[in-house]
2 protein chains.
Amino acid sequence: MERKLLLLGLLQMQEMHGYQLNEMIDAHLSTSIDFKKPTIYKLLGQMRDVGWLEQREEEAGNRPPRRVYSITPAGRDAFKALLRESLAAYKPTDFIDHISLAFLDHLSPAETVPLLENRKAQIQALLHRVQSYDPHQGSMQLMVEHQIRHLEMEITWLEEVIERVVTKGIGMPGGTHHDRNE
Amino acid sequence: MERKLLLLGLLQMQEMHGYQLNEMIDAHLSTSIDFKKPTIYKLLGQMRDVGWLEQREEEAGNRPPRRVYSITPAGRDAFKALLRESLAAYKPTDFIDHISLAFLDHLSPAETVPLLENRKAQIQALLHRVQSYDPHQGSMQLMVEHQIRHLEMEITWLEEVIERVVTKGIGMPGGTHHDRNE
DNA sequence: TATAACATGTAACAAGTTACATGATTTC
DNA sequence: GAAATCATGTAACTTGTTACATGTTATA
């Protein structure tokens with residue numbers, strides 16, 4: 001539903017066609033969310049079918065006509081309902097992509113540190129990209145600021161982990177066990 | 001691949017059967033990751049088929065026999081390779097579940113604040129659950145600490161957002177526009 | 001004149017979850 | 001004797017991405 005919320009929110013500002021929505025999302029939100037064209041087109045069709053959106057065809061020469069979507073009163077209601085629901089409900093973040101951190105002690109510090117430094121460099125690169133954004137309008141800017149906070153936290157956290165690996169004290173009780181070998 | 005990494009990591013400590021792995025994950029990681037039984041069983045089968053795991057059947061009375069998996073040398077190699085790869089590569093977090101924050105200004109502050117307070121309460125509840133965990137062994141503890149950091153950040157961030165909504169200054173430039181209505 | 005940008009979409013695939021199926025054993 | 005726990009798995013569904021298909025118009 002969050003993806004529908006996003007589309008409805010953007011269409012609330014002005015009517016747009018799919019390609020245009022894709023550009024918007026690409027330009028302003030690509031660092032923080034994945035949302036690809038086929039999905040956009042599909043959801044637009046779905047929302048049109050249930051009456052949240054109205055479709056208007058815009059002919060322009062011989063190319064595929066633009067399908068311009070505008071939000072209907074029903075769509076506006078749906079938007080508000082989704083928005084309230086989504087604001088009030090917190091969905092816990094999935095940490096599966098960080099599971100490797102749990103097995104840090106299976107590698108030697110000498111090997112671990114450069115890997116973590118590499119990871120850190122990537123986060124930093126992303127942070128710089130996000131920071132270089134022009135300010136967005138209204139509360140849209142909150143998305144950017146939130147991501148910046150998040151990335152900054154990730155970096156300081158990683159630095160601490162690296163520090164702990166270096167000074168050897170990784171997981172609290174003496175239980176450090178990376179095994180002897182190549 | 002992260003899920004396979006997790007299974008391999010757990011099986012590196014000791015051989016286990018699927019049900020047991022599921023219990024482990026449930027007990028120690030359920031606050032931070034989703035990983036359900038059917039997925040576990042499927043991945044165990046896959047990894048057995050490619051020779052990363054060895055399967056041994058343990059009969060016990062008349063009930064379905066336990067299929068106990070132990071990691072093979074090939075599995076150990078795969079584990080290390082996956083671990084290195086996964087440590088070095090940062091996969092950006094998806095913020096789609098936070099998109100509602102971008103449309104905060106479509107609701108009146110009077111309505112927004114309680115919704116956000118509710119959201120905050122949920123994060124706090126989760127934080128308390130995570131904090132009540134016994135310390136995990138070795139670097140596994142890092143997962144817990146990371147999640148705690150994350151949740152604390154989310155809470156302070158939300159508090160700031162609430163503050164900004166209350167004092168009206170939401171998204172930087174004067175562009176606050178929540179529309180007049182019921 | 002080749003490539004990028006414009007504009008739409010379908011089809012195949014991926015990677016999970018939820019719901020269902022089965023049956024023994026232990027606990028209340 | 002009912003319900004929870006132990007133990008396995010399959011099947012259907014969900015929700016998204018990637019790859020492909022198509023054709024026009026502007027740009028290098």
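Quick caveat: nothing in here was measured; it's all calculated off a predicted structure. Order of the sequence lines sets the chain letters (A, B, ...), proteins ahead of strands, with each chain counted from 1.
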Report task. Report yes if the distance between the aromatic ring centroids of A/Tyr133 and A/His28 is under 6.0 Å, otherwise no. Result -> no
Query - Charged tip of B/Arg3 within 45° of B/Phe35 ring normal and under 6.0 Å - result: yes
Report task. Report which part of the nucleic acid A/Pro38 touches: base, sugar-phosphate, or nothing (heavy-atom distance under 4.0 Å, all strands). Result -> base
Query raised in the report: Does a side-chain N or O from A/Lys36 land closer than 4.0 Å to OP1 or OP2 of D/dT18, or not?
Result: yes
Report task. Would you indicate what B/Glu23 reaches in the nucleic acid, counting non-hydrogen atoms under 4.0 angstrom: base, sugar-phosphate, or nothing? Result -> sugar-phosphate
Query raised in the report: CG of A/Asp34 versus P of D/dT17: gap in Å, rounded?
Result: 6 Å
Query raised in the report: B/Asp94 has an atom CG; how far is it from atom C1' of D/dG16, in whole Å?
Result: 11 Å
Requested in this report: Write down the distance between NZ (B/Lys42) and P (C/dG16), rounded to a whole number of angstrom.
Outcome: 7 Å
Query raised in the report: Between C/dA14 atom P and A/Ile96 atom CD1, what is the distance in whole Å?
Result: 20 Å
Query raised in the report: How would you label the contact of A/Gly45 with the nucleic acid (heavy atoms, under 4.0 Å): base, sugar-phosphate, or nothing?
Result: nothing
Query raised in the report: Picking from D/dC6, D/dG9, D/dT17, which would you name as closest to the side chain of B/Tyr19?
Result: D/dC6
Query raised in the report: Between D/dT15 and A/Thr39, is there an OP1 or OP2 to side-chain N/O distance shorter than 4.0 Å?
Result: no
Query raised in the report: Charged N to carboxylate O under 4.0 angstrom, B/Glu85 versus B/Lys80?
Result: no
Requested in this report: Indicate whether OP1 or OP2 belonging to D/dG9 is found under 4.0 Å from a side-chain N or O atom of B/Tyr41.
Outcome: no
Query - Donor-acceptor pair, side chain of A/Ser30 and main chain of A/Ala27, under 3.5 angstrom - result: no
Query raised in the report: Any side-chain N or O of B/Arg66 under 4.0 Å from OP1/OP2 of D/dT8?
Result: no
Query raised in the report: In terms of the nearest nucleotide of DNA chain D, which residue is placed more toward the 5' end: B/Pro65 or A/Pro64?
Result: B/Pro65
Query raised in the report: Can you find a side chain N or O atom of B/Arg3 that sits less than 4.0 Å from OP1 or OP2 on C/dG16?
Result: yes
